[in-house]
Amino acid sequence: MRILVIPAAVLALIGGAWFGGESYLARQVQSALAQSPDLAVETVSPLRDPTRFGLSLANISFNDGRSVLTAPETRLWISPLSPTTLRADLPPALEIAPVSAVSPDSSLSGMSLALSDGTLSAKVSPLHDLQLTRLDLGTGAVALNGRDLAQALSGRAELAALAHDSPKAAGAAYDLDLALAALDPEGLPALSQLRLPEGMISADVKGRLWLEDAISPLGGSAPVLVGLRSDHTVLSIGDLKARIIGRLQEDEAGFVEGAVMIYTADARPLLEFLASLGVIPEKTIPLGMTLLRGISRAGVGAGLPAANDAADSTPVEAAPEEGFPLPAANEIRLPLTFLDGKAMLGPIALGPAPRFPR
């Protein structure tokens, strides 16, 4: 039995260091929070979980000067098997209120957000200034002010190597994979005021973001967005569906530059919906379809393919130099292009291009 004394002593030492380290970390976090004017946490305590090294935070409040976010609790931790990945169990409830609404005599109201099984993880690279190399977010059902808002939300951003087609100003690229399931537009005040087609909103986004630099907690301000690309984005509202492929970046004058292709087999139902709202006369629907088909067949500019007139209903991938897939036989492709500060829908000028978001 004496042979077990040494392993037992080592385990005891490791356990003591583990729990002692959590206590030390809790004291350091409390000390740092005392110097933070916008973030307050009532209680910071060690997790005391042998499978996790981390902290439990209770009664959290964040004030950015415009709104106050409060949460009852959250847990931050790392696993000994993946020490470079910080994980968080998201609070089951969040309260968001305008700063003036915090005053007892205010008539303003805030929002109550409920999350089911919300998780967040962030992986960093210790050898590269703690650059964020992967971020994962996931939650089940989401409710807003007691009303079901969405079935699920998930997202992933992963640091990728810069390729030859990256914008000149790009210092880092992140591949995106986002999904939103069954969002009820009536549950969001901003969307409930719009006259949208009936049904839930869903989205599946796969693409890339280009930033001036990689995201890092040591970098100070957030890196500036310099470009974005949609490799395969599918948006649906009720029975209406569209897929979007394209790339946008900032030109030298600060305007949006690039092209976005919108593919849909639901052009006619969309026109019928617009007619039901009185936006267009019902008798103009056939003319509108003719116009959209003409735009789809007209081509999208130099180096891009013309419409696919084949009978096959499966989208045909274009050659690399053509840039975009051809539409299926039952689809219309609407080319939206931005060049030299101008926006075009096929050959039709729409006006000035918008400023690139920063």
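Along the sequence shown, residues carry numbers from 1.
- Under the 4.5 Å side-chain criterion, counting only non-hydrogen atoms from C-beta, F356 is in contact with L225.
- Counting only distance, with no hydrogens or angles, the side chain of S216 and the backbone of D129 share a donor-acceptor pair below 3.5 Å.
- In this structure, T337 and L339 have side chains that are not in contact, with every pair of non-hydrogen atoms separated by 4.5 Å or more.
- Of all the heavy atoms in P185 and L196, the pair that sits closest is CB-CD1, 4.1 Å.
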Legend entry - Criterion side chain to side chain contact (heavy atoms under 4.5 Å, CB included) on M111 and L144, from CA distance to verdict: CA-CA 7 Å; M111 296 186 298; L144 181 63; 3.9 Å; yes
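- Between R229 and D165 there is a salt bridge, since at least one side-chain N of the basic residue sits less than 4.0 Å from a carboxylate O of the acidic one.
- Under a hydrophobic clustering in which Ile, Leu, Val, Met, Phe, Trp and Tyr are joined whenever their side-chain heavy atoms come within less than 4.5 Å, directly or via other members, L209 and V124 fall into different clusters.
- With contacts defined as side-chain heavy-atom distances shorter than 4.5 Å, the pair D184/M200 qualifies.
- L135 and W77 are members of different hydrophobic clusters when ILVMFWY side chains are connected at heavy-atom separations under 4.5 Å.
- The environment of NZ in K206 is crowded: more than 12 heavy-atom neighbours from other residues, nucleotides or ligands sit within 6.0 Å.
- In this structure a side-chain-to-backbone donor-acceptor pair under 3.5 Å is present from D49 to T51.
- Contact check for S45 versus S56: side-chain heavy atoms found under the 4.5 Å cut-off.
- With sequence neighbours excluded, the residues forming a salt bridge (charged side-chain N to carboxylate O under 4.0 Å, His left out) with E158 are R134, R156, listed by chain and number.
- In this structure a side-chain-to-backbone donor-acceptor pair under 3.5 Å is present from S192 to P189.
- Although no hydrogens or angles enter the test, the distance criterion places a donor-acceptor pair under 3.5 Å between the side chain of D64 and the main chain of R66.
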Inset, instruction - Report the C-alpha separation of R75 and D89 in whole Å, then their side-chain angles, then the decisive distance to 0.1 Å, and conclude whether the salt bridge (Lys or Arg N to Asp or Glu O under 4.0 Å) test is met. - result: CA-CA 5 Å; R75 291 180 295 177; D89 298 326; 3.0 Å; yes
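- Interatomic distance, L94 CG to S112 OG, rounded to the nearest 0.5 Å: 8.5 Å.
- Rounding to the nearest 0.5 Å places CD1 of I60 at 13.0 Å from CD of E95.
- Remark: the backbone N or O of R293 is not paired with any side-chain donor or acceptor of S296 at under 3.5 angstrom.
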Inset, instruction - Mind running side chain to side chain contact (heavy atoms under 4.5 Å, CB included) on D204 and L235 for me, showing each step along the way? - result: CA-CA 7 Å; D204 184 7; L235 300 177; over 6 Å; no
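- More than 12 heavy atoms of other shown residues, nucleotides or ligands fall within 6.0 angstrom of atom CZ in R268.
- No more than 12 heavy atoms of other residues, nucleotides or ligands sit less than 6.0 Å from atom CD of E282.
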Distance-only donor-acceptor hits, side chain of residues 248-263, under 3.5 Å, sequence neighbours excluded:
from: Q249; atom 1: OE1; to: R247; atom 2: NE; distance (Å): 3.2
from: Q249; atom 1: OE1; to: R247; atom 2: NH2; distance (Å): 2.6
from: E250; atom 1: OE1; to: R358; atom 2: NE; distance (Å): 3.3
from: E250; atom 1: OE1; to: R358; atom 2: NH2; distance (Å): 2.8
from: E250; atom 1: OE2; to: R358; atom 2: NE; distance (Å): 3.3
from: D251; atom 1: OD1; to: A253; atom 2: N; distance (Å): 3.0
from: D251; atom 1: OD1; to: G254; atom 2: N; distance (Å): 2.9
from: D251; atom 1: OD1; to: F255; atom 2: N; distance (Å): 2.7
from: Y263; atom 1: OH; to: P325; atom 2: O; distance (Å): 2.5

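- Using a cut-off of 4.0 Å between Lys/Arg side-chain N and Asp/Glu carboxylate O, R243 and E331 are scored as salt-bridged.
- Summarising the geometry of P223 relative to A214, their closest heavy-atom pair is CG-O, 3.6 Å, with the distance given to 0.1 Å.
- Here the side chain of T133 pairs a donor or acceptor atom with the backbone of K123 at under 3.5 angstrom.
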Legend entry - L183 vs L191, side chain to side chain contact (heavy atoms under 4.5 Å, CB included): CA-CA, chis, key distance, verdict: CA-CA 11 Å; L183 172 71; L191 294 180; 4.1 Å; yes
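- Residues G227 and P167 come closest through the heavy atom pair CA-CG, 4.5 Å.
- Between the side chain of T284 and the backbone N or O of I280 there is no donor-acceptor pair closer than 3.5 Å.
- Linking ILVMFWY side-chain heavy atoms closer than 4.5 Å, directly or via other members, places V279 and L291 in a single hydrophobic cluster.
- Atom CG of L120 sits about 9.0 Å away from atom CG of L76, to the nearest 0.5 Å.
- The two residues A267 and L292 have their closest heavy-atom pair at CB-CD1, 4.1 Å.
- Counting heavy atoms from C-beta outward, R87 and R52 have side chains that stay 4.5 Å or more apart.
- Heavy atoms only, all atoms of each residue included: P72 and A93 are closest at CD-O, 3.1 Å.
- The shortest side-chain heavy-atom distance between D266 and D239 does not fall under the 4.5 Å cut-off.
- Cluster membership check: F338 shares its hydrophobic cluster with L345, using side-chain heavy-atom separations under 4.5 Å among Ile, Leu, Val, Met, Phe, Trp and Tyr.
- Between F273 and P197 the shortest heavy-atom distance is CZ-N, 3.3 Å.
- D148 has its side chain out of reach of V142: every pair of non-hydrogen atoms, C-beta onward, lies at least 4.5 Å apart.
- Although no hydrogens or angles enter the test, the distance criterion places a donor-acceptor pair under 3.5 Å between the side chain of T290 and the main chain of P286.
- The CD1 atom of I78 sits 6.5 Å away from the CZ atom of F53 when rounded to the nearest 0.5 Å.
- Under the 4.5 Å side-chain heavy-atom criterion for grouping Ile, Leu, Val, Met, Phe, Trp and Tyr, L334 is not connected to V234 through any hydrophobic cluster.
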All N/O donor-acceptor pairs, side-chain side in residues 173-180, below 3.5 Å, sequence neighbours left out:
from: Y174; atom 1: OH; to: L132; atom 2: O; distance (Å): 2.7
from: Y174; atom 1: OH; to: I215; atom 2: N; distance (Å): 3.1
from: D175; atom 1: OD1; to: R208; atom 2: NE; distance (Å): 2.7
from: D175; atom 1: OD1; to: R208; atom 2: NH2; distance (Å): 3.0
from: D175; atom 1: OD2; to: R208; atom 2: NH2; distance (Å): 3.3

Inset, instruction - Tell me, with the steps shown, if D213 and L211 meet side chain to side chain contact (heavy atoms under 4.5 Å, CB included). - result: CA-CA 5 Å; D213 201 357; L211 306 176; over 6 Å; no
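- Taking 4.5 Å as the limit, every side-chain heavy atom of L47 sits out of range of all side-chain heavy atoms of L55.
- One distance of note links CG of L218 with CG of L130; it measures 4.5 Å at 0.5 Å rounding.
- How far CD1 of I245 is from CG of D231: 8.0 Å, rounded to the nearest 0.5 Å.
- Side-chain N/O atoms of T233 and S230 include a donor and acceptor closer than 3.5 Å.
- Using a distance-only test at 3.5 Å, with no hydrogens or angles considered, a donor-acceptor pair links the side chain of T139 to the main chain of S116.
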Legend entry - Trace of the side chain to side chain donor-acceptor pair (under 3.5 Å) decision for S36 with D38: CA-CA 6 Å; S36 174; D38 49 10; 2.9 Å; yes
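- The number of heavy atoms from other shown groups lying within 6.0 Å of CD (Q28) is above 12.
- Proximity of a side-chain donor or acceptor of T264 to a complementary backbone N or O of A242 within less than 3.5 Å is not detected.
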